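Structure, as structure tokens:
Only heavy atoms go into these numbers, but all of them, side chains included; no hydrogens, no water, no symmetry mates. On a predicted model such as this, the values are computed, not experimentally measured, just so you know. Index from 1, following the sequence.
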Amino acid sequence: MCDVMAIVLTVFVKGYEEREMETKELLMHLCNKCYTPKITTAQPQDVGAYPQFVKENWGVDDLILLEHDIVPTIQQLDEIRNCKYDVCNYSYYIPTSNGDNHTYGLLSNGLGLAKFSLNFQKQHNVNEVFNTNTFINIDIKVNEYLQKHNIAWHSHGIVKHNHKIEDLPMDFKLKQF
């Protein structure tokens, strides 16, 4: 039995099935009373599916966003679900480039694995927090809202991101920038 319930919201994208396999496997193991997985599948050109799915599920329960290529452990999910902070997340590495220099940077304020408590949702209008109708730059829009209201992410560390991160050596994956 758990004290805190949470909806785990995931939007899968057609054409990215190989990158999403581990995330799908994880969601299959969440069939207990602590999580309510809600999953939808979108076409790559359906840029509005992600924010719309969030808006449809806002204000129901604690909301955990789990993006399609993020692979947390059950312990990481439990940690974020049980966190006392209203907004919290895990950082993850993303590919970056500067001309011919391709590398990875740590995204510390992303939505890949993020929680918005029910308390936060009741106090903040979803259309203001997610002030966008597209997944493009959705992280930026949410962070602009949080900054405007002097709300900081509570960070839980680093989570696995299936976006060519497996090519990095382990010591680089754990490095903080």
Side-chain angles (χ1 to χ4, degrees), residues 5-58 60-81 87-97 101-116 126 129-130 132-143 153 155-175:
M5 294 292 295
I7 295 171
V8 178
L9 206 62
T10 305
V11 177
F12 291 109
V13 182
K14 289 190 184 279
Y16 291 89
E17 289 81 5
E18 186 175 323
R19 189 184 296 173
E20 300 171 337
M21 287 175 25
E22 286 182 273
T23 306
K24 288 179 181 178
E25 289 173 13
L26 171 77
L27 288 169
M28 301 281 277
H29 292 93
L30 295 183
C31 298
N32 62 43
K33 299 189 185 315
C34 296
Y35 298 99
T36 304
K38 291 193 176 187
I39 302 165
T40 191
T41 302
Q43 296 290 336
Q45 64 272 21
D46 186 3
V47 297
Y50 186 3
Q52 184 60 39
F53 204 36
V54 171
K55 291 173 184 180
E56 290 169 2
N57 288 281
W58 195 259
V60 178
D61 213 332
D62 282 355
L63 187 60
I64 297 174
L65 305 183
L66 175 61
E67 293 184 351
H68 69 118
D69 54 0
I70 299 293
V71 188
T73 65
I74 294 292
Q75 292 80 11
Q76 288 172 319
L77 274 174
D78 287 346
E79 183 179 319
I80 205 168
R81 176 179 47 83
V87 291
C88 56
N89 70 352
Y90 276 86
S91 301
Y92 51 96
Y93 286 96
I94 60 171
T96 63
S97 66
N101 183 15
H102 302 286
T103 185
Y104 290 86
L106 187 64
L107 181 61
S108 61
N109 57 0
L111 298 176
L113 178 56
K115 181 188 85 175
F116 296 90
V126 67
V129 179
F130 287 82
T132 183
N133 291 319
T134 175
F135 74 87
I136 300 165
N137 297 324
I138 193 169
D139 302 83
I140 293 170
K141 292 291 189 181
V142 171
N143 281 293
W153 288 106
S155 180
H156 286 270
I158 301 171
V159 69
K160 181 179 178 181
H161 182 206
N162 272 344
H163 201 111
K164 297 186 180 179
I165 194 69
E166 63 278 342
D167 298 337
L168 294 174
M170 183 53 72
D171 60 339
F172 187 83
K173 289 180 191 178
L174 301 176
K175 182 179 177 185

What's the separation between atom [atom1] in [X] and atom [atom2] in [Y], rounded to the nearest 0.5 Å?
| X | Y | atom1 | atom2 | result |
| --- | --- | --- | --- | --- |
| Thr10 | Phe53 | OG1 | CZ | 8.0 Å |
| Ser108 | Asn143 | OG | CG | 8.5 Å |
| Ile80 | Lys115 | CD1 | NZ | 7.0 Å |
| Leu9 | Asn57 | CG | CG | 5.0 Å |
| Glu25 | Met28 | CD | CE | 8.5 Å |
| Asp78 | Cys34 | CG | SG | 7.0 Å |

**OP:** Verify, without hydrogens or angle tests, whether Gln52 (side chain) and Ala49 (backbone) share a donor-acceptor contact under 3.5 angstrom.
**Re:**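 No, because the side chain of Gln52 does not come within donor-acceptor range (under 3.5 Å) of the backbone of Ala49.
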
Taking all non-hydrogen atoms of both residues into account, name the closest pair between [X] and [Y] and its distance.
| X | Y | value |
| --- | --- | --- |
| Asp62 | Arg81 | OD2-O, 4.3 Å |
| Lys160 | Asn162 | CE-OD1, 3.3 Å |
| Lys24 | Phe12 | CG-CZ, 3.3 Å |
| Val159 | Ile70 | CG1-CG2, 3.8 Å |
| Gln43 | Lys14 | NE2-CD, 3.0 Å |
| Val11 | His68 | O-CB, 3.3 Å |

Under the criterion side chain to side chain contact (heavy atoms under 4.5 Å, CB included), I'd like the reasoning laid out for Lys55 against Asn133: C-alpha separation, chi angles, the key distance, then a yes or no.
CA-CA 10 Å; Lys55 291 173 184 180; Asn133 291 319; 3.3 Å; yes

Counting C-beta onward and ignoring hydrogens, is there a side-chain heavy-atom pair between Leu26 and Leu77 closer than 4.5 Å?
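They are in contact (side-chain heavy atoms under 4.5 Å apart), so the answer is yes.
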
Can you find a heavy atom in the side chain of Glu67 that is under 4.5 Å from one in the side chain of Thr23?
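No, their side chains stay 4.5 Å or more apart.
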
Query raised in the report: Under a 4.0 Å N-O cut-off, is there an ion pair linking Glu56 with Lys38?
Result: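 Result for this pair is no, no salt bridge flagged.
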
Flag for Tyr35-Asp61: side-chain donor and acceptor within less than 3.5 Å
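No, Tyr35 and Asp61 have no side-chain donor paired with an acceptor closer than 3.5 Å.
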
Quick one: do Val142 and Phe116 satisfy side chain to side chain contact (heavy atoms under 4.5 Å, CB included)? Show the steps, please.
-> CA-CA 11 Å; Val142 171; Phe116 296 90; 4.0 Å; yes

- Message: Under 6.0 Å between ring centres: does that hold for His161 and Tyr93?
- Response: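 Here the rings of Tyr93 and His161 have centres that are no less than 6.0 Å from each other.
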
| message | Testing Asn137, Ile138, Ile136 one by one against Thr134 for a side chain to side chain contact (heavy atoms under 4.5 Å, CB included), which residue passes? | response |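 For Thr134, the side chain to side chain contact (heavy atoms under 4.5 Å, CB included) check succeeds only for Ile136.
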
_Students often mix this up, so state it plainly: with edges at 30° and 60°, are the rings of Trp58 and Phe130 parallel, tilted or perpendicular?_
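If you compare the ring of Trp58 with that of Phe130, the planes turn out perpendicular.
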
Report task. Begin from the C-alpha positions of Val54 and Val129 and carry the test side chain to side chain contact (heavy atoms under 4.5 Å, CB included) through to its verdict. Result -> CA-CA 10 Å; Val54 171; Val129 179; over 6 Å; no

